[in-house]
Amino acid sequence: MSNHFPESFFSRDTVQVARDLVGKRLVRLEGNQRISGIILETEAYRGEEDLACHCRAGRTPRTEIMYGPAGRAYIYLIYGMYWLLNFVTESEGSPGAVLIRALAPEEGKEKISQRRGNQPEKHWTDGPGKICIALGINADFNGLNSCTPQAKIFVENGQDLDPGLIHTGPRVGLESVPEPWRSIPWRFVVNYQHLLYGS
DNA sequence: AGCACGATTAACT
DNA sequence: GTTAATCGTGCTC
C-alpha cells in the first residue's frame, strides 16, 4: 500500500543511491497536503575518508545520525542560515548521506510560492537551502525515518529517466577540500528541460 | 571559553 | 563578479 521507498533502497552504496534518487519524487506531507517535486540534483558524501563529508570528524553529536540506519533524514544548518536535507545511506556503522540539491516542483506549488516570497518559480527549489525553505523543513526533521508509512518526508517513484540524461560532475562548494575529494564526480544532475519536455 | 569556518542565498555593483 | 548575513560545530587553549 505504502509507496515510500524502503530502507533497503537507502541501505546501499551512497554514490549509487545518489544516482538513483535523480528523477524520483520527494514528498513533504503537511497535514493532508502533499508538497512534492522531482529530484533534479543530488550529491554523495560517503565515509570518514571523504574529506568533504562531515564524517571526516568521526562520530560526533552531529554525525551520529549518519552512522545509524539508512533512510533517516540528516538535516544541518549551513552558514548559520539555511537548513540542508540529506538522506542517510549505507548499512549501520558505515556513515554516508545524499544531499538533495534541486527539485522540479509538482504538488503544493501555492504553498511553495508563499514560502519563497517574491522569488520567481525558476528559483523556488534550485538549491539545497531553498528546498528546505520551500518545503518547510528544519532541525525538527533531523533523524526522522522516511521509510515509515506516516513519514512527513519521504521518497517515492517519480519520472522514468533515460540514464543517459543524468550528468555527473564534481560536488559544489568544496573549494577548500583537498583532492581527490574536491573533484570526485559525486554530483548527479538532470536538466530541468528534459523533465518538462519528456525523455 | 573562545575561535574560525562552512555541502548557501539574495542583493548588490 | 562581489559580498553580507548569521550561528552550530568541532577544534584549540
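Letters go in sequence order (proteins before strands), and every chain restarts at 1.
Nucleotides of DNA chain B nearest to A:R116 and A:V177 differ in position, and the one nearer the 5' end is that of A:V177. Each of A:K130 and A:G173 was assigned the nucleotide of DNA chain B with the nearest heavy atom; the assignment lying further toward the 5' end belongs to A:G173.
For residues 10-29 of chain A, the set of pairs meeting the ring-ring contact (aromatic ring centres under 6.0 Å, His included) definition, not counting sequence neighbours, comprises A:F10-A:F87. Note on residues 125-138 of chain A: pairs passing salt bridge (Lys or Arg N to Asp or Glu O under 4.0 Å), not counting sequence neighbours, are A:D126-A:K130.
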Between A:I100 and A:I131, does the side-chain contact (heavy atoms from CB on, under 4.5 Å) criterion hold? Intermediate values first, please. CA-CA 8 Å; A:I100 308 299; A:I131 289 174; 3.9 Å; yes

One pair to check against side-chain contact (heavy atoms from CB on, under 4.5 Å): A:L21 and A:V155. What are the steps and the verdict? CA-CA 8 Å; A:L21 277 174; A:V155 178; 3.8 Å; yes

Could you go step by step and tell me if A:L103 and A:L26 meet the side-chain contact (heavy atoms from CB on, under 4.5 Å) rule? CA-CA 8 Å; A:L103 300 177; A:L26 173 67; 4.0 Å; yes

Audit row: A:M66, A:H54, side-chain contact (heavy atoms from CB on, under 4.5 Å) steps and yes/no: CA-CA 9 Å; A:M66 283 193 275; A:H54 292 156; 3.9 Å; yes

Would you tabulate the pairs of protein nitrogen or oxygen atoms and nucleotide nitrogen or oxygen atoms of nucleotides 1-4 of chain B closer than 3.5 angstrom?
none

Please write out each protein N/O paired with an N/O of nucleotides 11-13 of chain B under 3.5 Å, distance rounded to 0.1 Å.
none

Hey, what are the protein-to-nucleotides 10-13 of chain C N/O distances that come in under 3.5 Å?
from, atom 1, to, atom 2, distance (Å)
C:dG10, OP1, A:T60, OG1, 2.2

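Ion pairing between a basic and an acidic side chain is recognised when a charged N comes within 4.0 Å of a carboxylate O; A:E90 and A:R12 show no such pairing. Here A:E48 does not pair with A:R56 in a salt bridge; the nearest charged N to carboxylate O distance is not below 4.0 Å. A salt bridge links A:R187 with A:E41: the closest approach of a Lys/Arg side-chain nitrogen to an acidic carboxylate oxygen falls below 4.0 angstrom.
Annotation: cation-pi geometry not satisfied between A:R72 and A:Y74 (NZ/CZ under 6.0 angstrom from ring centroid, within 45° of ring axis).
One interatomic measurement links the two molecules: CZ of A:R59 to P of C:dT9, which rounds to 17 Å at whole-angstrom precision. Atom CG in A:L51 sits roughly 14 Å away from atom C1' in B:dA7 (whole-Å rounding). Distance A:K122 NZ to B:dT9 C1': 16 Å, rounded to the nearest Å.
For residues 69-88 of chain A, proximity to DNA chain B is found at A:Y76, A:I78, A:Y79, A:G80, A:Y82, A:L84, A:N86, defined as any non-hydrogen atom under 4.0 angstrom from a strand atom. A heavy atom closer than 4.0 Å to some atom of DNA chain B occurs in no member of residues 178-189 of chain A. Of the residues in residues 132-145 of chain A, none lies under 4.0 Å from DNA chain C by heavy-atom distance. DNA chain B is contacted by no residue of residues 10-21 of chain A, taking any non-hydrogen atom closer than 4.0 Å.
Between the CG atom of A:L99 and the CG atom of A:N86 there is a distance of 5.0 Å, given to the nearest 0.5 Å. Here the SG-CD1 distance, from A:C132 to A:I153, works out to 7.5 Å after rounding to the nearest 0.5 Å.
Side chain of A:S146 to backbone of A:F154: no donor-acceptor contact under 3.5 angstrom is found. The backbone N or O of A:V172 lies less than 3.5 Å from a partner atom in the side chain of A:E43, making a donor-acceptor pair. In this structure a side-chain-to-backbone donor-acceptor pair under 3.5 Å is missing from A:S183 to A:P180. Panel note: side chain A:E64, backbone A:G68; no donor-acceptor pair is recorded below 3.5 Å. No donor-acceptor pair under 3.5 Å is formed between the side chain of A:T168 and the backbone N or O of A:P185. Panel note: side chain A:R171, backbone A:W181; a donor-acceptor pair is recorded below 3.5 Å.
A:L99 comes within 4.0 angstrom of a base, heavy atoms only.
Not counting sequence neighbours, the partners of A:A134 by the side chain to side chain contact (heavy atoms under 4.5 Å, CB included) test are A:I112, A:R116, A:T125. With sequence neighbours left out, the side-chain hydrogen bond (donor to acceptor under 3.5 Å, both in side chains) criterion links A:K152 to no other residue.
Side-chain atoms of A:E7 and A:S11 include no donor-acceptor pair closer than 3.5 Å.
Contact check for A:L161 versus A:V22: side-chain heavy atoms found under the 4.5 Å cut-off.
The ring of A:H167 has its center no closer than 6.0 angstrom to the ring center of A:F188.
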Base-pairing string, 5' to 3', of DNA chain C - Watson-Crick or wobble, under 3.5 Å, | interstrand: |||||.||||||.

